[in-house]
Amino acid sequence: MNRIEASYLIETPFEVEQACQVMAGEQSCGTFTRLAAETDDFRKRHAARVESIELLDSVDAPSLPMPTRPQPPGTRYQRARVRLSWPLENLGPSLSTLMATLAGNLYELKEFSGLRLLDVSLPHAFAEACPGPQFGIDGTRRLSGVDQGPLIGTIIKPSVGLSPDATAEVVKELLDGGIDFIKDDELQANGPHCPFTERVDAIMPLVLEHEQLTGRKVMVAFNITGEIDEMRRHHDHVLAAGGSCVMVALNAVGLAGVSHLRRHCELPIHGHRAGWGMFSREPLLGMDFAAWQTFWRLAGVDHLHVNGLANKFSESDDSVAASARACLTPLFEPPGPAHTVMPVFSSNQTACQAIDTCRAMGGRSDMIVTAGGGIMAHPGGIAAGVRSLRQAYDAAARGISLADHARDHGELAQALETFCP
Ligand SMILES: O=C(O)[C@H](O)COP(=O)(O)O
Ligand SMILES: [Mg+2]
């Protein structure tokens, strides 16, 4: 396949075919008027094509405001699923230009009262040009020493406000509880009250000491989100301190920032998706996770946040489950690389969601589950919080109900009472 393909959900009060031709033109060699240089032959080589249109339902009000093209009362707004394609020759295998093409100015076109990017299929040239994940699932399991089951993890909470030493005290309790994975919150990178290098230097000796005792290095995703030179410096600091993961807030750092980091990086990259709601919350705007994650996997993340079941945000469980499965779906047909990454369940996670989360994963256990409040606010303390989560996921793996398992697992019993009354 030498064309880039993308599906969209669109809504328009105009003739659908014509509106889609405007979209294809604007995002390739056309503009609002035909140009002399735009010969038929030129178009044949460079124009985006409308490959298919599947009409869906119509509605009586626009999903998005149309201030520059208000429609008379009684207008119907037709929805459709459309597939467009572009010649690779237009942009080459450039991730940034791909974003500007597939998710660029088309959102603002007057023809549409709704437009959402659903999925993307790319020519093999992208697999060759983009770095892709360096560690992925296998590398994460190898470095963390967790060869099966989910990685039981947490986010340091409170997200901000703890000094490096206070953070290290929390880490000590997490290690005592048997945690597999710890991450900074996305709000804590290099705050003056908790400077990055001091935080790493306070935490890593504890992690290494714990490794001496247990033979397992707990993976700590230090948040290196920042300027390019700062990210490189902080990555190097984590590496030199014996750390095994770095984290970035993807939307804050951008595609070019992540690809650059990936090319420099010697550690797994934990991708936090803070800001995702901007892309996803309005059903007729933005993009589906299936499309969004394609970009970041190609840029080279190894872990990707997918929200969590029964989360504190506005996303349905079905959508979260679909996102997790998307991370585990190969990006290219063989012999191309699969580029699968670890889905990270996070947001309001406690012992309560364990069985449903395992079910949503359809029997696969390649996931990181991070519970911040769900561990830190456990009535028995932080170590007990870790144990409660582990007990819940053990029960889920063994097909035992949480209530049954809680009979002889006190920490789980306390968690169920506290978080899922
Ligand atoms: O960064 C995250 O993933 C969230 O802050 C999750 O925090 P919570 O587990 O306390 O909801
Ligand atoms: Mg957070």
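Remember, it's 1-based here, ligands and their atoms both numbered in the order they're listed.
Of all the heavy atoms in Leu284 and Ile10, the pair that sits closest is CD1-C, 4.4 Å.
Contact check on Asp302 versus Arg262 returns no salt bridge, with no Lys/Arg side-chain nitrogen under 4.0 Å from an Asp/Glu carboxylate oxygen. Contact check on Arg232 versus Asp229 returns no salt bridge, with no Lys/Arg side-chain nitrogen under 4.0 Å from an Asp/Glu carboxylate oxygen.
Listed by number with element, the atoms of ligand 1 under 4.0 Å from a non-hydrogen atom of Glu186 are 1 (O). Residue-ligand proximity, Lys183 to ligand 1, at heavy-atom distances under 4.0 Å covers atoms 1 (O), 2 (C), 3 (O). Ligand-side atoms of ligand 1 in range of Lys312: 6 (C), 7 (O), 8 (P), 10 (O), 11 (O), range being under 4.0 angstrom from any heavy atom.
Partner of Phe222 under the side chain to side chain contact (heavy atoms under 4.5 Å, CB included) criterion, chosen from Thr197, Val238, Ile182: Val238.
For the pair Gly374 and ligand 1, the shortest N or O to N or O distance does not fall below 3.5 Å. Between Thr370 and ligand 1, a contact under 3.5 Å exists for no N or O pair. Below 3.5 Å of separation, one finds an N or O of Asn348 facing an N or O of ligand 1. The shortest N or O to N or O distance between Gly373 and ligand 1 is under 3.5 Å.
Under the 6.0 Å cut-off for aromatic ring centres, His272 and His303 do not qualify, their centroids lying 6.0 Å or more apart. In summary, the aromatic rings of Trp276 and Phe313 are positioned with their centroids too far apart to meet the 6.0 Å limit.
For atom 9 (O) of ligand 1, the nearest non-hydrogen atom of the protein is Gly372 N, 2.8 Å. Closest to atom 3 (O) of ligand 1 among all protein heavy atoms lies Ser346 OG, 2.5 Å. Remark: minimum distance from atom 7 (O) of ligand 1 to any protein heavy atom is reached at Lys157 NZ, 3.1 Å.
Atom CD of Glu230 is surrounded by more than 12 heavy atoms from other residues, nucleotides or ligands within 6.0 Å. For Glu417, the CD atom is loosely surrounded, since the number of other residues' heavy atoms within 6.0 Å does not exceed 12.
Contacts with ligand 1 closer than 4.0 Å are made by side-chain heavy atoms of Ile155 only, the backbone lying farther away. For Met376, no heavy-atom contact with ligand 1 is shorter than 4.0 Å.
Cation-pi geometry between Arg116 and Tyr107 is not satisfied (NZ or CZ under 6.0 Å from the ring centre, within 45° of the ring normal).
Here the straight-line distance linking atom NE2 of His264 with atom NE2 of His235 works out to 5.5 Å at 0.5 Å rounding.
For His305, the heavy-atom gap to ligand 1 drops under 4.0 angstrom.
Within Glu186, OE1 is the N, O or S atom that lies nearest to the Mg ion (ligand 2). The N, O or S atom of Asp185 with the smallest distance to the Mg ion (ligand 2) is OD1.
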